[in-house]
Number of protein chains: 2
Amino acid sequence: MPQFDANLRTRIDGRRARLEDELTGSVIPFWMKNAPDREHGGWFNCLDRDGAVWDTRKHIWLQGRAVWMLSKLYADLEARPEFLTQAKSGAHFLRDKCKRKDRRVWFAVARDGKPVQLQRKIFSECFYVMAMAQYARVSGEAWAAREAKEVFGWIMEAIADPRLTGRVREEGEVPSQGLAVPMIVLNLIQELDGGFQGEHAAQARECAAAARRFVRRERKVVLETIAADGSDLDTPEGRLLNPGHAIEMGWFLLDYARAVGDAAAAQDALDAIEWSLDRGWDPVHGGLYYFLDEQGYSPVQLEWSMKLWWPHCEALVACAKAYEYTRDRAWFERWVRVSDWTFGRFPDSAHGEWFGYLDRQGAVSQRFKGGPYKGFFHVPRALLYTAQALKSALDPKPVTAPKSH
Amino acid sequence: MPQFDANLRTRIDGRRARLEDELTGSVIPFWMKNAPDREHGGWFNCLDRDGAVWDTRKHIWLQGRAVWMLSKLYADLEARPEFLTQAKSGAHFLRDKCKRKDRRVWFAVARDGKPVQLQRKIFSECFYVMAMAQYARVSGEAWAAREAKEVFGWIMEAIADPRLTGRVREEGEVPSQGLAVPMIVLNLIQELDGGFQGEHAAQARECAAAARRFVRRERKVVLETIAADGSDLDTPEGRLLNPGHAIEMGWFLLDYARAVGDAAAAQDALDAIEWSLDRGWDPVHGGLYYFLDEQGYSPVQLEWSMKLWWPHCEALVACAKAYEYTRDRAWFERWVRVSDWTFGRFPDSAHGEWFGYLDRQGAVSQRFKGGPYKGFFHVPRALLYTAQALKSALDPKPVTAPKSH
């Protein structure tokens, strides 16, 4: 009996081709044309609908992510010299202008690299590490690998002692932990070690366990913030659901589970994705809500009902990877549902790239293509990873089933 | 020739009665029933649609504003003992739990007063001063007047040297000034001195002049942020319009201009209100946008197109005061337009009080009545001040026209 009927194979192939067209014909050209700052190095990340720069400041989350993405495309899509040239320009700008002597990384700098803002968070540093690790791999430049390692060291110190970020914990604050931290560290380890069984394997195992503590199996939800002791917090933070984030955690964890052969972790990952897709999907207008309150209160985030590009990007990747892993056709159909809604609304066929911010009804709310939190990252990563997963799903399924740990 | 036809007088009287009914029959009862914390003192400010507490933390902006409002109602509406009792409970909670030895005031505390968060801003301190000044006036308690004066001293020091708030200005930041600072100081001086011709008269004159520097007469806009030297900033901050804030500035400035007899300042105030109403009004769905970009870019604020309660409250007060001052019927008709849109959407006849956050179309986006930024303040202040202005507008117009300075 064939694993696929010819019809399904044709559907998957057609969808995959559409992803690759969008990546190489719309998204990559938009950024390669408009983003490079040929005078000061690095990339402009605040680009209007047509690519015009609407703010010359550079936001380091996006600088780092662009360097990572360019390096990844060079490695995985095509060894185009301009991918490497632009990654190099960004990596040097990051090293020379965005990092401080104390290993901290600015959140925003002026066009010429003069510092503008530091966050009391660890994420600028995380995207710096992500950039340097991947750039080191494709360029062979050892300094970049050293940079990645050095700043990763600071991140681990700051997780152990958040005062290093400048944050003070006041007496009346309830000690808590956020999903973002184990997720991003798991992702950084994958970048640093090129997998989960290298130098930081023990830390990866801890991160995966920590991320799984946010999964509430009995209620079929993934929480965003829990108490320091792992229990529920009856506060707006403790009730907060961020479906896109939970779905992203799902595919990070699935990658991990597959690599180390942990079937229980893989099941948590699949459930996290399925529950968050079900819970997060707007039954009236479609698309994923940005935030929800588990108990039905109104989230304090004014933008809770907006449809953002990145949760939809994460859902595309997650469903495709879940399908690749399980070969369960229900996952492909989930992927189709997300894909149809997403491709019907986010891409801008007139100027290329995707809009980032739609209102609840699905109309464009913000016309810009790049801003302080949107750059050359979620869309190309989703298109690349989803196309890879669909391609792999057409291959015969590997014989070895993952072991349970 | 009579100043009013009987028909207009009847319309105004009917509208005024509606405002008073809403204040005494819906808004005040909602808060008096649900907000008091009879165990720890002060008020819960995070109240759900039906008055249930959804977060027990107390946010000092709202604690201070509630104490001010209760004291104001006691002075201006009715000397109900419970207004004074509740104001006293809040004032003691503020003094004993919310203020630090260094004169700084927390942004949020736990229910019992343990500190949760400090902002690198001056506004918690401002609402502390507002509360204490007005509470001192109605209670006769001298310690409250001393508190107001002491924290006002810190505010003036922190405006001169923002490092006192903990903020660091980085090398790449463009030096700028925000409209909020002269506005709120002008308002505080009115509270401290009971007018604009007392101890801080010279400072009030400076604040009014500073606020007027944000008015761009040639472009008919009021900016939110300008360069330190008063010029335009070509950045998202420099292009930002906040119509509700500009309208609030308009009536603060009109109060000042009338008190000191400055006709040029009054004209700036009236123009600021009229331009911001015109520019800020959504031509499709009605209501005031939260943010706009002067040059038509998309604002970075995701919530830019939402309709919030407070800009509409400020517009009610501003149009009513402009009508009272000018006796120009066009202002009354503007007031009617704002009032019809506002009363048609924000009040909750089922549980009392107003919703705070509507989407662009005017549907309720957040169901809660109180949150970290909404409490017992804008709605009752608007109802009280608007009713007062409409009542006064029915009196014969004062003979003395303001002098130009």
Side-chain angles (χ1 to χ4, degrees), chain A residues 46 48-49 52 54-58 97 106-118 120 166 168-174 234-239 290 293 295-306 308 355-357 359-361 363-369 371-374, chain B residues 46 48-49 52 54-58 97 106-118 120 166 168-174 234-239 290 293 295-306 308 355-357 359-361 363-369 371-374:
Chain A
C46 291
D48 207 6
R49 181 180 179 185
W54 58 270
D55 187 348
T56 56
R57 280 172 292 196
K58 292 166 182 166
K97 306 285 188 178
W106 297 103
F107 174 73
V109 299
R111 182 181 174 185
D112 62 6
K114 284 202 187 76
V116 169
Q117 191 189 340
L118 188 75
R120 291 181 286 188
V168 184
R169 212 173 63 71
E170 307 296 351
E171 197 195 342
E173 274 187 84
V174 185
D234 185 22
T235 64
E237 295 78 17
R239 296 190 300 258
Y290 192 9
D293 180 290
Q295 291 174 33
Y297 292 95
S298 292
V300 286
Q301 291 80 1
L302 297 190
E303 65 276 23
W304 73 272
S305 68
M306 289 179 72
L308 271 63
F355 295 109
Y357 303 89
D359 64 16
R360 184 176 176 184
Q361 289 76 22
V364 174
S365 166
Q366 253 83 358
R367 75 182 191 198
F368 52 71
K369 300 292 176 48
Y373 296 96
K374 180 175 187 288
Chain B
C46 291
D48 207 5
R49 182 181 178 185
W54 58 270
D55 188 349
T56 57
R57 282 172 291 195
K58 293 166 181 165
K97 306 285 188 178
W106 298 103
F107 173 73
V109 299
R111 182 182 174 185
D112 62 7
K114 285 203 186 75
V116 169
Q117 191 189 340
L118 188 75
R120 293 180 284 189
V168 184
R169 212 172 64 69
E170 307 297 350
E171 197 194 342
E173 274 187 82
V174 184
D234 185 22
T235 63
E237 295 79 17
R239 294 189 300 258
Y290 192 10
D293 179 290
Q295 291 175 33
Y297 292 94
S298 291
V300 287
Q301 291 81 2
L302 298 190
E303 65 276 23
W304 72 273
S305 68
M306 289 179 72
L308 271 62
F355 295 110
Y357 304 89
D359 65 15
R360 184 178 175 181
Q361 290 77 23
V364 173
S365 166
Q366 253 85 358
R367 74 182 191 196
F368 52 73
K369 300 292 176 48
Y373 296 97
K374 180 176 186 290

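Values below: every heavy atom of this structure, side chains too, minus hydrogens, waters and symmetry copies. Here is the naming used below: chain letters follow the sequence lines, and residue numbers restart at 1 for every chain.
- Proximity to chain A is absent for every atom of B:Arg360, based on heavy atoms less than 4.5 angstrom apart.
- Top candidate by heavy-atom pairs under 4.5 Å with chain B, chosen from A:Gln295, A:Arg49, A:Arg169, A:Gln361, is A:Gln361.
- Although no hydrogens or angles enter the test, the distance criterion places a donor-acceptor pair under 3.5 Å between the side chain of B:Trp304 and the main chain of A:Ser365.
- Note on A:Cys46, A:Ser305, A:Gly371, A:Pro236: by heavy-atom pairs under 4.5 Å with chain B, the leading option is A:Pro236.
- Note that the OG1 atom of A:Thr56 and the CG atom of B:Asp234 stand 8.5 Å from one another [nearest 0.5 Å].
- The backbone N or O of B:Val116 lies less than 3.5 Å from no partner atom in the side chain of A:Glu171, so there is not a single donor-acceptor pair.
- Contact check for A:Val300 versus B:Trp54: side-chain heavy atoms found under the 4.5 Å cut-off.
- The candidate with the highest count of non-hydrogen atom pairs below 4.5 Å against chain B, out of A:Arg111, A:Met306, A:Gln117, is A:Met306.
- Here the CD atom belonging to A:Gln366 is positioned 11.0 Å from the CG atom belonging to B:Asp293, to the nearest 0.5 angstrom.
- No side-chain heavy atom of A:Glu170 sits under 4.5 Å from any side-chain heavy atom of B:Val109.
- Looking at B:Tyr357, only its side chain comes within 4.5 Å of chain A, counting heavy atoms on both sides.
- For B:Arg239, the part lying under 4.5 angstrom from a heavy atom of chain A is the side chain only.
- Most heavy-atom pairs under 4.5 Å with chain B, from the set A:Glu303, A:Gln301, A:Arg120: that is A:Arg120.
- Put simply, the side chain of B:Glu173 never gets that close to the backbone of A:Ala110: no donor and acceptor are under 3.5 Å apart.
- The shortest non-hydrogen separation linking B:Arg367 to A:Ser298 is N-OG, 2.7 Å.
- The choice from B:Gly166, B:Pro299, B:Pro115 that makes the most heavy-atom pairs within less than 4.5 Å of chain A is B:Pro115.
- Rounded to the nearest 0.5 Å, atoms CG (B:Asp55) and OH (A:Tyr297) are 10.5 Å apart.
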